[in-house]
Amino acid sequence: MRVLIAGNWKMHGMSQALDEVRKVAAEADRVACELLLCPPATLLERAVGASAGRLAIGGQDCHWERSGAFTGDISAAMLADAGARAVILGHSERRQYHGESSAQVQAKAKAAQEAGLMTIVCVGESEAERRAGEERTVVGEQLVASLPPQSTPDNCVVAYEPVWAIGSGLTPTPAEIAAMHGFIREEVCRLLGSAARAMRILYGGSVKPANAAEILSLAEVGGALVGGASLKADEFLAIARAVRAKINLEGPIVR
Ligand code: PEP
């Protein structure tokens with residue numbers, strides 16, 4: 001299992017943004033990690049074409065049903081049919097602005113895994129929760145309730161994204177990231193068994209070229225989920241190049 005650098009474009013990107021996918025694709029063979037870009041659904045199928053099979057393209061959300069009367073929603077099977085290989089689920093913006101519960105995230109993740117997609121299940125505490133010293137309780141509860149029991153290192157990645165670090169330019173200290181990733185490792189192994197020692201745990205929240213090498217070198221950090229800095233190919237690739245410093249690129253992320 002290799003380090004994964006995943007980009008979340010959120011609600012950004014018109015047709016012209018496909019040039020960024022092409023630029024990333026042109027360099028994808030030169031980085032020592034897996035690359036994934038998750039554009040808005042309107043660009044997904046064209047992004048798959050622009051990727052030329054050199055990087056993976058994913059969705060940002062899906063419904064738990066395969067089809068039905070759910071206006072505006074997209075099923076996991078539809079994402080897969082459009083060429084997506086992965087889907088981000090339970091992002092804090094979905095939890096916050098769409099009231100998504102962990103139970104819904106789990107149902108979505110189960111459907112996505114059954115559709116053959118790799119799921120990136122996001123967890124993370126708010127600023128108030130961290131100030132109150134509740135970050136482990138919050139993240140622990142989200143993991144228990146959001147991860148389907150059939151999750152494996154092949155079909156699931158956990159992304160730790162402290163809500164207060166997303167889009168803010170703030171990041172936890174390296175020690176705080178390492179401590180939380182260690183806790184998440186213990187929890188996924190407790191929930192899913194020892195195979196989860198190889199499950200990738202991404203860090204997300206204001207990852208930039210300037211801080212990527214330090215974050216990616218931390219114990220139990222198996223990659224990054226990148227928002228703003230994934231919109232420009234140059235920045236996204238600079239983060240991917242920081243993976244050079246990472247050991248254990250070919251084997252599972254286990255130390
Ligand atoms: C995100 O939205 O998942 C994210 C990490 O955003 P940013 O990198 O912009 O903080």
Side-chain angles (χ1 to χ4, degrees), residues 3-13 17 20-21 24 33-41 43-44 47 55-62 84 86-98 100 102 105 108-109 112 117-127 129-130 135 138-139 142-143 146 156-174 176-177 180-181 184 200-216 218 220-243:
V3 170
L4 173 65
I5 304 297
N8 172 15
W9 280 12
K10 312 191 185 193
M11 199 171 74
H12 296 290
E20 303 302 318
V21 179
V24 173
C33 56
E34 282 179 33
L35 297 176
L36 167 70
L37 281 175
C38 300
L43 292 182
L44 203 146
L55 67 144
I57 302 296
Q60 300 177 11
D61 180 43
C62 69
V87 61
I88 299 168
L89 294 169
H91 190 281
S92 64
E93 288 152 15
R94 301 285 321 169
R95 293 180 188 261
Q96 189 178 344
Y97 304 131
H98 297 265
E100 272 187 17
S102 290
V105 174
K108 291 176 177 203
L117 297 176
M118 187 185 74
T119 51
I120 301 180
V121 176
C122 303
V123 295
E125 81 285 355
S126 68
E127 189 176 9
E129 288 160 346
R130 180 162 277 267
E135 65 273 13
V138 170
V139 168
Q142 288 175 337
L143 288 170
S146 304
C156 190
V157 170
V158 172
Y160 169 56
E161 298 209 302
V163 180
W164 50 274
I166 295 177
S168 65
L170 302 172
T171 51
T173 64
E176 286 169 338
I177 295 174
M180 182 56 88
H181 278 240
I184 292 172
R200 287 174 288 191
I201 305 170
L202 313 186
Y203 168 77
S206 297
V207 176
K208 308 276 178 230
N211 61 16
E214 182 175 37
I215 291 171
L216 290 166
L218 295 170
E220 304 294 2
V221 174
L225 180 54
V226 184
S230 71
L231 294 170
K232 289 287 166 211
D234 289 349
E235 277 194 77
F236 187 63
L237 285 166
I239 292 168
R241 287 188 193 106
V243 173

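Just so you know, ligand 1 is whichever comes first in the structure, and atom 1 is the first atom listed for that ligand.
Taking only nitrogen or oxygen atoms, main chain and side chain alike, K208 does not reach within less than 3.5 Å of ligand 1. Taking only nitrogen or oxygen atoms, main chain and side chain alike, E161 reaches within less than 3.5 Å of ligand 1. An N or O contact shorter than 3.5 Å links K10 to ligand 1 by distance. Between G167 and ligand 1, at least one pair of N/O atoms sits closer than 3.5 Å.
Protein heavy atom nearest atom 1 (C) of ligand 1, with residue, atom name and distance: H91 NE2, 3.2 Å. Ranking protein heavy atoms by distance to atom 9 (O) of ligand 1, first place goes to G228 N, 2.9 Å. The protein non-hydrogen atom at the shortest distance from atom 8 (O) of ligand 1 is G227 N, 2.8 Å.
Contacts between N8 and ligand 1, counted as non-hydrogen atom pairs separated by less than 4.0 Å, involve the side chain only.
The residues E34 and R200 are annotated as salt-bridged, a charged nitrogen and a carboxylate oxygen being separated by less than 4.0 angstrom.
In this structure, A229 falls outside the shell of residues with a heavy atom less than 4.0 angstrom from ligand 1. Taking a 4.0 Å cut-off on heavy atoms, A165 registers as neighbouring ligand 1.
Short contacts between ligand 1 and G205, defined as distances under 4.0 Å to a heavy atom of the residue, involve ligand atoms 5 (C), 10 (O).
Atom NZ of K208 has more than 12 heavy atoms from other residues, nucleotides or ligands within 6.0 Å. Around CD of E176, the count of heavy atoms belonging to other residues, nucleotides or ligands within 6.0 Å exceeds 12.
Relative ring orientation between H181 and Y203 is described as tilted, the plane-to-plane angle lying within the 30° to 60° band.
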Discussion item. I5 vs L216, test: side-chain contact (heavy atoms from CB on, under 4.5 Å). Steps then yes/no.
Written reply: CA-CA 10 Å; I5 304 297; L216 290 166; 4.0 Å; yes

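The closest donor-acceptor contact from the side chain of D61 to the backbone of H91 lies at 3.5 Å or more, if one exists at all.
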